[in-house]
Amino acid sequence: MAEGPLLVMWKEDIQPFIGKQITAIENNTKLHADRMLGKTITDIKTWGKHFLICFGDFTLRIHFLMFGDLYINRRKPPEKPVKLSLQFTDSELVFYNCALRFIEEPLNEVYDWSADVMSEEWNPRAAIKKLKAIPDAVVCDALLNQEIFSGIGNIIKNEVLFRVKVQPLSLVGKLPAKKWNEILKELLTYSYQFLEWRKKGEFQRHWQANARKLCPRDEVPFVKAYLGQNPRRTYYCTQCQVLYN
DNA sequence: GATAATGTTAGCAT
DNA sequence: AATGCTAACATTAT
């Protein structure tokens, strides 16, 4: 469910909660959530797929995995088990199906913000440098590497590789620098488009490759295969996507 | 009703 | 010690 752009959307949605004090907590995890009681939210951040609620001296880290959800001032219909609810005098944040933990260290010590494609500190040159260190990796793995492209998920991977016409099993070190620049640019473009489409609730409509049967360019059937170190569903066209190896 | 999928990680085995 | 694999988590659309 949760690639980076969705978290950015949620982050924008709950900006009004900054400065609010937690008055009650419903906790169905092993987390010692009580420490947040009476605390005031000082900031809301994201690093890729990590959703970060800051309390000044510590941070709650939420990862939504595949099926996670955040509901604001209402419960998910139909009624589902709540992992954590943070309650305020007039409002509520309800988290479902997520992995929670606290971060004690300052976030700047924990996160490389330059890796987050949707961060203001995103640095494509840092990504290029990291890619140079893994020339033998396949491109479909590299795009899902959160240390390099924090926030990129499987759908964005499939869509971007289709758009730039790169076959997913291409080797990182065999792609020309020009092609990498194109991929980096498209990762950004697509992530922000994903965000806008998601806000309008129409993002599936724009999939050109992911979960599609035929290539829209040449009407050839897409190959569907489970590729990469931990195999993920990958769609590609053997006609228009070029293998660099 | 079964299946598969926008993801990670604890814990076990080697 | 380090690496690698699997199970586990859970929801929803097809």
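Not measured: the values here are computed from a predicted model. Sequence lines set the chain letters: A, B, ... in the order given, protein chains first and strands last, and positions in each chain run from 1.
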Asker: Using purine N1 to pyrimidine N3 plus N6-O4 or O6-N4 for Watson-Crick, or N1-O2 and O6-N3 for G-U wobble, both under 3.5 Å, which nucleotide pairs with B/dT6?
Answerer: none

Asker: Between A/F95 and A/N28, is there a side-chain heavy-atom distance shorter than 4.5 Å?
Answerer: no

Asker: Kindly say whether A/L84 contributes a backbone atom to a donor-acceptor pair with the side chain of A/N27 at under 3.5 angstrom?
Answerer: no

Asker: Can you tell me which nucleotide in B/dT9, B/dA5, B/dT6 comes closest to the side chain of A/F67?
Answerer: B/dA5

Asker: Identify whether NZ of Lys or CZ of Arg in A/K76 sits under 6.0 Å from the centre of the six-membered ring of A/Y96 and within 45° of that ring's axis.
Answerer: yes

Asker: Send over the distance from A/Y96 OH to C/dT12 P, rounded to a whole Å.
Answerer: 10 Å

Asker: May I have the distance from A/Y226 (atom OH) to B/dT3 (atom C1'), rounded to whole angstrom?
Answerer: 10 Å

Asker: CD1 of A/I155 versus C1' of C/dA13: gap in Å, rounded?
Answerer: 13 Å

Asker: Between P on C/dG4 and CD on A/Q229, what's the gap in Å once rounded to a whole number?
Answerer: 8 Å

Asker: Counting only side-chain nitrogens and oxygens, does A/R233 get under 4.0 Å of the OP1 or OP2 atom of B/dT3?
Answerer: no

Asker: Give a yes or no on whether a salt bridge exists between A/D57 and A/R35, defined as a side-chain N under 4.0 angstrom from a carboxylate O.
Answerer: no

Asker: Taking only side-chain N and O atoms of A/N154, does any of them lie within less than 4.0 angstrom of OP1 or OP2 on B/dT6?
Answerer: yes

Asker: Using whole Å, report how far CG of A/L187 lies from C1' of B/dT6.
Answerer: 15 Å

Asker: Counting side-chain heavy atoms from CB outward, which of C/dT11, B/dT8, C/dA10 is closest to A/K76?
Answerer: C/dT11

Asker: Among A/Y236, A/Y235, A/F222, find the residue that satisfies the ring-ring contact (aromatic ring centres under 6.0 Å, His included) test when tested with A/F162.
Answerer: A/F222

Asker: When you get a sec, tell me which of B/dT8, B/dA10, B/dT6 is the closest nucleotide to the side chain of A/R101?
Answerer: B/dA10

Asker: Quick one: which of C/dT11, B/dT8, B/dT6 gets closest to the side chain of A/P81?
Answerer: C/dT11

Asker: Would you verify whether the NZ or CZ of A/R163 falls within 45 degrees of the ring axis of A/Y190 while also being under 6.0 Å from that six-membered ring's centre?
Answerer: no

Asker: Would you say A/K80 reaches C/dT12's phosphate, i.e. side-chain N/O to OP1/OP2 under 4.0 Å?
Answerer: yes

Asker: Looking only at atom P, what distance separates C/dA7 and B/dA4, rounded to whole Å?
Answerer: 15 Å

Asker: Using a cut-off of strictly less than 4.0 Å, decide whether A/K224 has a side-chain nitrogen or oxygen near OP1 or OP2 of B/dA5.
Answerer: yes

Asker: Is the distance from OP1 or OP2 of B/dT9 to the nearest side-chain N or O of A/R61 less than 4.0 Å?
Answerer: yes

Asker: With a 3.5 angstrom cut-off on both distances, give the Watson-Crick or G-U wobble partner of C/dA1, or none if there isn't one.
Answerer: none

Asker: Now, which nucleotide makes the Watson-Crick or G-U wobble pair with C/dA10, with each of the two distances under 3.5 Å?
Answerer: none

Asker: Can you tell me how far P of B/dT6 sits from CD of A/Q146, to the nearest Å?
Answerer: 14 Å

Asker: Return the 5'-most residue of the pair A/K83, A/Q204 with respect to DNA chain C, ranking by each residue's nearest nucleotide.
Answerer: A/K83

Asker: Specify the separation, in whole Å, of atom CG of A/N230 and atom C1' of C/dT6.
Answerer: 12 Å

Asker: I want to check one thing: is the phosphate of B/dT6, taken as OP1 and OP2, less than 4.0 Å away from some side-chain N or O of A/K157?
Answerer: no

Asker: Grab the CG-P distance between A/L65 and C/dT11 for me, whole Å please.
Answerer: 12 Å

